[in-house]
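Chain letters run A, B, ... following the sequence lines, proteins first, then strands; residues in each count from 1. When reading the values below, keep in mind they use all heavy atoms of this one structure, side chains included, and skip hydrogens, waters and symmetry mates. Predicted model, so just to flag it, every value in this text is computed and none were measured.
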There are 2 protein chains.
Amino acid sequence: MPKDRAPTRIQKKNRAAILEAALNVFSAHGFRGSTVDQIASEAGLSKPNLLYYFPSKEAIHTALLSGLLETWLAPLNDLDEEGDPLQEILSYIHRKLQMSRELPRESRLFANELVQGAPRIHNALSNDLKVLVDEKSAVLSKWMDQGKIARVHTHHLIFSIWALTQHYADFDVQVRAILGEEDPFEGAEQFIDTLYRKLLTP
Amino acid sequence: MPKDRAPTRIQKKNRAAILEAALNVFSAHGFRGSTVDQIASEAGLSKPNLLYYFPSKEAIHTALLSGLLETWLAPLNDLDEEGDPLQEILSYIHRKLQMSRELPRESRLFANELVQGAPRIHNALSNDLKVLVDEKSAVLSKWMDQGKIARVHTHHLIFSIWALTQHYADFDVQVRAILGEEDPFEGAEQFIDTLYRKLLTP
DNA sequence: TCTTGATTTGACCATCTGGTCAAACTCACG
DNA sequence: CGTGAGTTTGACCAGATGGTCAAATCAAGA
């Protein structure tokens, strides 16, 4: 294992290559379905070499998840109490949908983890995530009190945004099997936008 | 392997026990994450005994998926062109949500498969499923032409129903981590019902 | 250039896992 | 109750897989 000093040029490069490869592999096959050899070869390293940078398969997975959690939650974090309610929500949705389009691997990484009961991130869910959701939920609630948007169950409103946007990344194969050549995201953006405008207009 | 005659009492019992056990295991850990031993012991059989009833792990998985596909698509199949448009759609949604509540294992079984690119059911998606969706999509379209419901992209409308309802089964851990004690399905039903009423009312 | 720490690797190991097989056991029915 | 088909199992195998290790190679500062 590399010493605990400032990372060398090579360390930086290889760690990054490993995480990138791991994202590919884990998001496509899940934790159990991925092998260290697969990740190593995708990263252009030998297996022992990879294990020189991360102590175990589990460690790579953990590093990936925790490294990406912040990115993943950033859009919700940015929901601004001071902004225009409907606009804030619509642009949150827009960003989430864009993430499904541009970061589908990240979405599927979390999806894989969640569907299987989130054995490795249960903690983050009931702490960080819950806190964030409750906080933003309160903001939504305030907007509803002020009559700025229609009154609905705030938690379910947030769930619905996650469900609708992440669906296009997580179940991409299914969506494409049905839509054929059509670009899923064109129609999705339009559809979802309409949906929330109608739902939330007081 | 059991002969190809009429199944004996024991064959019926054991085959059923195996599929039930496999549903538990596969839905919780995915295909690759599940072991034949796990399924066997959950079914109360030894591994060789299990493999006497099904030729391979893959065969169990396939049998499960194809056996459940019909159940899974039944609600959409039941969408009745002759019924009242909004009511038909709302009751489709209601049934889907009920399935998430009562058959979460089935939902997660498919979710696991889909997130990982549906390697084993790609075929069913682009054939049976596509045909069904296109057919029902046409019904929705007709209703829109008649001004019975608001005009939206029909495929995305169907996707949204899948996403919103299955989310509660597939990402159950996350939902519960955030809601705490509250029963997810109470609020969900109410929320989703409101959402589609507002969206589809012309 | 030399030295020392960082990096890489081939060989190896223990365990897990899907699957096989022959022998043993059980059941239903004549 | 005897018998043949149906059922069950312990022992076993081959390949995959996560991980280790000592030795070899490389890189950068003195």
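Per the geometry, NZ belonging to B:K57 stands 14 Å off P belonging to C:dT20, to the nearest Å. With rounding to whole Å, A:F54 atom CZ is found 13 Å from D:dG19 atom P. Spacing between atom OH of B:Y52 and atom C1' of C:dA22 amounts to 15 Å, rounded to whole angstrom units. At whole-Å resolution of the value, NZ in A:K13 and C1' in D:dA27 are 12 Å apart. Rounded to an integer number of Å, the gap from A:R32 CZ to D:dG18 C1' is 11 Å. Separating the NE2 atom of B:H29 from the C1' atom of C:dC16 is a distance of 15 Å, rounded to the nearest angstrom. What separates CG of A:L50 from P of C:dT7 is a distance of 14 Å, to the nearest Å. Spacing between atom CG of A:L45 and atom P of D:dC26 amounts to 16 Å, rounded to whole angstrom units.
For D:dT7, the OP1/OP2 oxygens have a side-chain nitrogen or oxygen of B:T8 closer than 4.0 Å. Here A:N49 does not reach the OP1 or OP2 of C:dT7: none of its side-chain N or O atoms lies under 4.0 Å away. Taking only side-chain nitrogens and oxygens, B:Q11 comes nearer than 4.0 Å to OP1 or OP2 of D:dT7. Taking 4.0 angstrom as the limit, A:R9 places a side-chain polar atom (N or O) nearer than this to OP1 or OP2 of D:dA28. Taking side-chain N and O atoms only, B:S46 has no distance below 4.0 Å to OP1 or OP2 of D:dT8.
Each of B:I10 and B:P48 was matched to the nucleotide of DNA chain C holding its nearest heavy atom; the match closer to the 5' end belongs to B:P48.
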Quiz prompt | A:L65 vs A:F110, side chain to side chain contact (heavy atoms under 4.5 Å, CB included): CA-CA, chis, key distance, verdict | solution = CA-CA 8 Å; A:L65 283 173; A:F110 287 111; 3.7 Å; yes
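Partners of A:S46 under the side chain to side chain contact (heavy atoms under 4.5 Å, CB included) rule, at least two apart in sequence or in another chain, are A:P48, A:N49.
Within 3.5 Å, a donor on the side chain of B:K47 pairs with an acceptor on the base of C:dG18, or the reverse.
Between A:K148 and A:D84 no salt bridge is recorded (no basic side-chain N to carboxylate O distance below 4.0 Å).
Among A:E189, A:E106, A:E186, the one residue that satisfies the salt bridge (charged side-chain N to carboxylate O under 4.0 Å, His left out) test with A:R101 is A:E186.
Between B:Y168 and A:F159, the ring planes lie perpendicular to each other; the angle is over 60°, past the 30° to 60° tilted range.
Across D:dT8, C:dG18, C:dG19, the shortest atom-to-atom separation from the side chain of B:T35 is found for C:dG18.
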